[in-house]
There are 2 protein chains.
Amino acid sequence: MNIGDVARRSGLPAKTIRYYEDIGLIRPKRSENGYRSFRESDLHKLAFLGRARALGFTIEDCRTLVALYEDEARESAQVKHIAEEHLRQIDDKIAQLQSMRATLDKLVHACAGDHRPDCPILEDLAQETSDPATCE
Amino acid sequence: MNIGDVARRSGLPAKTIRYYEDIGLIRPKRSENGYRSFRESDLHKLAFLGRARALGFTIEDCRTLVALYEDEARESAQVKHIAEEHLRQIDDKIAQLQSMRATLDKLVHACAGDHRPDCPILEDLAQETSDPATCE
DNA sequence: TATGGAGCTTCCAGTAACTGGAGGGTCAAG
DNA sequence: CTTGACCCTCCAGTTACTGGAAGCTCCATA
């Protein structure tokens, strides 16, 4: 298979597949003409990577997950540990976004959004509260 | 004020403040000795930026928000528009993360996390489903 | 057989928003 | 006069790609 074929079948852009080779995630063979030549196993690994990335795992996590996948002697605890840590990070991120969301939503609702300059959003951003020097 | 003072009072790292000058968000004066010399108005603007960034606005949004803040002839609708668009992006991001979270949580709970190699997480990642060619 | 277009190659640069570090000047206290 | 805390600039690295230039290769059609 050429790169276009695996791109289509894995759902990953050809650019991304070349990048994954660059960083050593995959090692496709080469044809006489210099084209990358992918086996089914390469495709399988790319699909694996695509799914792992879709779950938000970092590239380094993906590297580890692939290694574990190929390691007969792995312990599922190793995989679970990575996933749990990632889950924690996702939860943190969600909490952070929801906190932003709450403030932002409040401000947006408080803003008339008309032709006048008065704006609670700007007023909030401009308020003098985060200066420790003023708290003495 | 030197950069260390505004860093302390704004809560932003000195590095970030220099960066903000680099990209034209602020224009502190310079002392004889070449040190940046910040006025209260610079500090105020930095605090504004810090709060806007904490709400997740991009630097470019921040640039626009500062400009609007300083524009007497602004219309609150302009500000509200930026905030609403940002809110939408946050909602999208939250939805995406929650979807990841749901899958991941399910997988984590399904995984024994012991010394055996069998792992539902890896099995899920490895499953053959995203290849359109197999769907014919 | 020529040619045109799709597909492949490499390499370089850019993205967002910083962050770290090297190498070196300045200032105030002891 | 030295020491340590500041400050300066400039360069490189981070994440995970993405876009684009310049230039092969392959295949089908005129």
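Letters go in sequence order (proteins before strands), and every chain restarts at 1.
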message: Regarding B:Asp124 and B:Gln127, do their side chains bring together a donor and an acceptor under 3.5 Å, going by distance alone?
response: yes
query: Are any of the side-chain nitrogens in A:Asp5 or A:Arg8 under 4.0 Å away from the carboxylate oxygens of its partner?
result: yes
- line: Taking for B:Glu32 and for A:Glu21 the nucleotide of DNA chain C with the nearest heavy atom, the one nearer the 5' end belongs to A:Glu21
message: Contact between B:Phe48 and B:Leu65 at the side-chain level, heavy atoms closer than 4.5 Å - yes or no?
response: yes
message: Which is more 5' along DNA chain C, the nucleotide nearest B:Tyr35 or the one nearest B:Gly56? Just name the residue.
response: B:Gly56
query: Under a 4.0 Å N-O cut-off, is there an ion pair linking A:Glu21 with A:Arg18?
result: no
- line: Sorted by position of nearest nucleotide on DNA chain D, 5' first, the leading residue of A:Asn33 and A:Lys15 is A:Lys15
task: Applying side chain to side chain contact (heavy atoms under 4.5 Å, CB included), run through A:Arg63 and A:Thr58 and close with a yes or a no.
output: CA-CA 9 Å; A:Arg63 198 188 296 278; A:Thr58 64; over 6 Å; no
- prompt: Expressed in angstrom and rounded to an integer, what is the separation of B:Asp22 atom CG from C:dA16 atom C1'?
  reply: 14 Å
- prompt: For DNA chain D, which nucleotides open and close the run of contacts to chain A, 5' to 3', at under 4.0 angstrom from a non-hydrogen atom?
  reply: D:dA16 to D:dC26
- request: Look at B:Arg53 and C:dC18 and indicate whether a side-chain polar atom (N or O) is within less than 4.0 Å of OP1 or OP2.
  value: yes
- prompt: Are OP1 or OP2 of C:dC8 and a side-chain N or O of A:Arg36 less than 4.0 angstrom apart?
  reply: no
message: Membership question, hydrophobic clusters at under 4.5 Å side-chain separation (ILVMFWY): are B:Leu12 and B:Tyr35 in the same one?
response: no
- prompt: Does the side chain of B:Thr16 get closer than 4.0 angstrom to OP1 or OP2 of C:dT19 through an N or O atom?
  reply: yes
A:Arg101 to B:Leu87 - nearest heavy-atom pair and separation: CG-CD1, 3.8 Å
- prompt: How long is the line joining OH of A:Tyr19 and P of C:dC11, in whole Å?
  reply: 16 Å
- request: Let me know the distance between CZ of B:Arg63 and C1' of C:dC18, rounded to the nearest Å.
  value: 14 Å
query: Can you check the B:Glu60 CD to C:dA17 P distance for me, whole Å?
result: 8 Å
task: Report the distance from atom OH of B:Tyr20 to atom C1' of C:dA16, rounded to the nearest whole Å.
output: 11 Å
